[in-house]
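For reference, the structure discussed in these notes is given below.
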Number of protein chains: 2
Amino acid sequence: MSYENYHHENLKAELIKKGLKLLDEEGYENFSLRKVAKACSVSHTAPYRHFDSKDDLIMAIAIEAHHKFNQCLEEAVNKYPNDNKSQLKEMGYSYVKFFIENPEYLRLFFLSDFADNLKKMNHETCINEEQPFNTFYKAIERCQSEHQNGEGDSVDPNALALSCWGLVHGMAILIAKRDFSYAGDYLELVRKILWSGTFLNL
Amino acid sequence: MSYENYHHENLKAELIKKGLKLLDEEGYENFSLRKVAKACSVSHTAPYRHFDSKDDLIMAIAIEAHHKFNQCLEEAVNKYPNDNKSQLKEMGYSYVKFFIENPEYLRLFFLSDFADNLKKMNHETCINEEQPFNTFYKAIERCQSEHQNGEGDSVDPNALALSCWGLVHGMAILIAKRDFSYAGDYLELVRKILWSGTFLNL
DNA sequence: ATTATCATGTTAACACTGCAAACATAATTC
DNA sequence: GAATTATGTTTGCAGTGTTAACATGATAAT
């Protein structure tokens with residue numbers, strides 16, 4: 001009993017898809033609801049049947065993008081099923097690579113106003129998405145416990161997590177935004193840093 | 001022969017000042033030329049006598065903010081006139097502290113579209129501002145040369161610079177944007193990380 | 001000194017934006 | 001079959017960046 005084209009079959013999904021594309025192509029500042037609507041061949045207020053506001057649509061787009069990101073990180077983990085340290089290094093590498101390949105996601109993930117809203121919302125609704133970095137965080141925790149077993153010296157777990165995460169996060173941003181200029185292959189440089197023996201005490 | 005109030009004495013400076021304040025108070029997304037103009041008690045097109053566009057004004061504001069930032073970093077350097085490593089650590093600390101205290105500058109510095117424009121512009125005009133991180137970068141170079149003298153092992157200078165800068169940059173962003181949640185004193189944690197003996201091979 | 005020019009402001013108008021209200025019609029429920 | 005819901009359109013408003021036409025204070029040229 002398929003009603004092909006009720007009005008638009010599945011406008012909500014298409015808005016997200018075309019929105020993500022628009023964001024990629026024209027940048028965050030040039031993103032507009034009306035353009036997305038036009039891309040879907042629909043009136044400029046139609047999106048309001050599916051999203052409360054512009055930020056609401058952007059949030060949906062961001063969640064979609066987060067899925068890609070999480071998938072990317074999980075693939076890295078699966079490469080080394082039994083080696084926590086290698087997992088973390090590979091994830092750090094994928095982390096940087098992801099934002100080099102999708103620089104527009106940086107703004108989408110971290111620096112739009114909605115980012116705060118996303119945090120609030122998820123507290124109430126979908127806990128799954130609350131920490132898009134769950135995978136990353138867990139790997140750090142695993143390394144922490146492993147490391148603490150090894151020696152008596154108490155390494156502050158928070159310090160380890162922050163420095164670990166901060167390093168890849170910072171490198172990703174510096175490279176993606178081209179604030180750090182380097183003649184060679186950036187990803188190779190990152191790989192060298194992460195795989196060096198002294199990387200963050202690991 | 002001072003003509004107090006030709007029309008406005010020094011509107012350009014006031015636009016930058018009030019603009020910076022507006023940016024601080026209402027955030028990047030809520031910043032508008034018309035609000036700045038109103039804050040200066042002037043018509044909404046008056047800014048166009050001093051700035052080509054909205055981005056042009058924002059850029060001027062950003063340069064102003066960069067001055068504050070550079071000053072902050074230089075003060076850190078001056079604390080340890082003869083100790084390169086301590087300089088770098090203190091700068092890293094100030095780096096993070098600055099963005100914790102001025103979170104709105106994160107967007108202004110790194111994630112607005114204008115950031116790219118700023119880079120282009122400075123290539124042509126004011127080279128001084130091209131690298132707002134000159135101070136930071138130089139300190140890294142000094143540490144590099146010092147370290148390389150010590151041992152024969154060749155530490156890739158680029159790797160050292162990227163990991164060093166990336167670490168503080170990433171921590172600053174994670175903390176300022178509250179992506180990294182921690183019960184204690186963030187700055188104390190950062191201090192611990194930077195002053196730990198194994199910090200980035202230094 | 002008068003005149004022309006420049007600097008700095010204002011007002012009017014345009015296209016674009018997010019958003020709300022009133023309306024239309026397909027789909028679903030009772 | 002009637003009432004209700006879901007999804008779309010049209011209309012309208014306030015706010016935005018930007019341009020053009022105009023006014024006038026300040027400065028330079030003659």
Side-chain angles (χ1 to χ4, degrees), chain A residues 1-20 22-23 25-62 107-108 112-118 121, chain B residues 1-20 22-23 25-62 107-108 112-118 121:
Chain A
M1 216 60 57
S2 67
Y3 297 96
E4 302 294 326
N5 281 7
Y6 156 27
H7 274 167
H8 206 282
E9 182 63 15
N10 195 349
L11 179 56
K12 182 167 185 173
E14 195 183 355
L15 284 168
I16 293 176
K17 187 179 170 188
K18 290 273 170 57
L20 188 56
L22 186 66
L23 214 48
E25 290 172 353
E26 306 201 20
Y28 189 85
E29 333 272 319
N30 294 93
F31 178 86
S32 92
L33 266 185
R34 284 160 117 107
K35 283 183 191 168
V36 181
K38 178 176 276 186
C40 297
S41 309
V42 101
S43 84
H44 59 269
T45 54
Y48 282 91
R49 292 297 147 194
H50 303 277
F51 303 98
D52 285 345
S53 66
K54 182 188 182 184
D55 280 349
D56 204 35
L57 170 57
I58 292 181
M59 213 162 71
I61 292 174
R107 215 167 311 183
L108 187 57
S112 49
D113 267 350
F114 96 94
D116 303 328
N117 299 344
L118 186 138
M121 264 240 164
Chain B
M1 218 64 54
S2 66
Y3 296 95
E4 302 293 325
N5 281 7
Y6 156 25
H7 275 167
H8 207 284
E9 182 64 12
N10 194 348
L11 179 56
K12 183 167 185 174
E14 195 184 354
L15 283 168
I16 293 176
K17 187 179 171 188
K18 291 272 169 59
L20 188 56
L22 186 68
L23 214 48
E25 290 172 353
E26 305 201 21
Y28 189 85
E29 331 272 317
N30 294 92
F31 178 86
S32 91
L33 265 186
R34 285 162 118 106
K35 283 183 190 168
V36 181
K38 178 176 278 184
C40 297
S41 309
V42 100
S43 83
H44 60 271
T45 54
Y48 282 89
R49 292 297 148 195
H50 302 276
F51 304 97
D52 285 345
S53 65
K54 183 188 182 184
D55 280 350
D56 203 35
L57 170 57
I58 292 181
M59 213 163 71
I61 292 174
R107 215 167 311 183
L108 187 56
S112 49
D113 267 350
F114 96 93
D116 303 328
N117 300 344
L118 187 137
M121 264 242 162

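Just so we're on the same page: letters track the sequence lines, and every chain starts at 1.
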Query raised in the report: For A:H50, which contact category applies under a 4.0 Å heavy-atom criterion: base, sugar-phosphate, or nothing?
Result: sugar-phosphate

Query raised in the report: Is any side-chain heavy atom of A:F51 closer than 4.5 Å to a side-chain heavy atom of A:M59?
Result: no

Requested in this report: Take atom CG of A:D52 and atom P of D:dT7, then tell me their distance rounded to the nearest Å.
Outcome: 14 Å

Query raised in the report: Got a donor-acceptor contact below 3.5 angstrom from the B:K17 side chain to the B:K12 backbone?
Result: no

Query - Interatomic distance where CG belongs to B:D56 and C1' belongs to D:dG17 [whole Å] - result: 13 Å

Requested in this report: Check the distance between D:dA6's C1' and A:L11's CG and give it to me in whole angstrom.
Outcome: 12 Å

Report task. Name the residue closer to the 5' end of DNA chain D, choosing between A:H44 and B:K54 according to the nucleotide with the nearest heavy atom. Result -> A:H44

Query raised in the report: To the nearest angstrom, how far is A:I58 atom CD1 from C:dG18 atom C1'?
Result: 11 Å

Requested in this report: Please check the phosphate of D:dT9 (OP1 and OP2 only) for any side-chain N or O of A:T45 closer than 4.0 Å.
Outcome: no

Report task. Report the distance from atom CZ of B:F31 to atom C1' of D:dG17, rounded to the nearest whole Å. Result -> 12 Å

Requested in this report: Mind checking B:K12 for me? I need base, sugar-phosphate or nothing, with any heavy atom below 4.0 Å counting as a touch.
Outcome: nothing

**Report entry** Options D:dT18, D:dG12, C:dA22, nucleotide nearest the side-chain atoms of B:Y48
**Finding:** D:dT18

Requested in this report: Quick one: list whatever passes side-chain hydrogen bond (donor to acceptor under 3.5 Å, both in side chains) with B:R34, sequence neighbours left out.
Outcome: B:H44

Report summary line: From CD of A:E29 across to C1' of D:dT16 the rounded distance in Å is 14 Å

Requested in this report: Looking at every strand, decide which applies to B:S43 at a 4.0 Å heavy-atom threshold: base, sugar-phosphate, or nothing.
Outcome: base

Query raised in the report: Separation of A:N30 atom CG from C:dG18 atom P, in whole Å?
Result: 11 Å

Report summary line: To the nearest angstrom, the NZ-P distance between A:K38 and D:dT10 comes to 13 Å

Report summary line: Closest to the 5' end of DNA chain C, once A:R49 and A:L33 are matched to their nearest nucleotides, is A:L33

Query raised in the report: Can you name the residues that form a side-chain hydrogen bond (donor to acceptor under 3.5 Å, both in side chains) with B:K18, not counting sequence neighbours?
Result: B:E14

**Report entry** Base C:dG18 to side chain A:R34, donor-acceptor N/O within 3.5 Å cut-off
**Finding:** yes

Report task. Quick one: pull up CD1 in B:I58 and CG in B:L108 and give me the separation to the nearest 0.5 Å. Result -> 7.5 Å

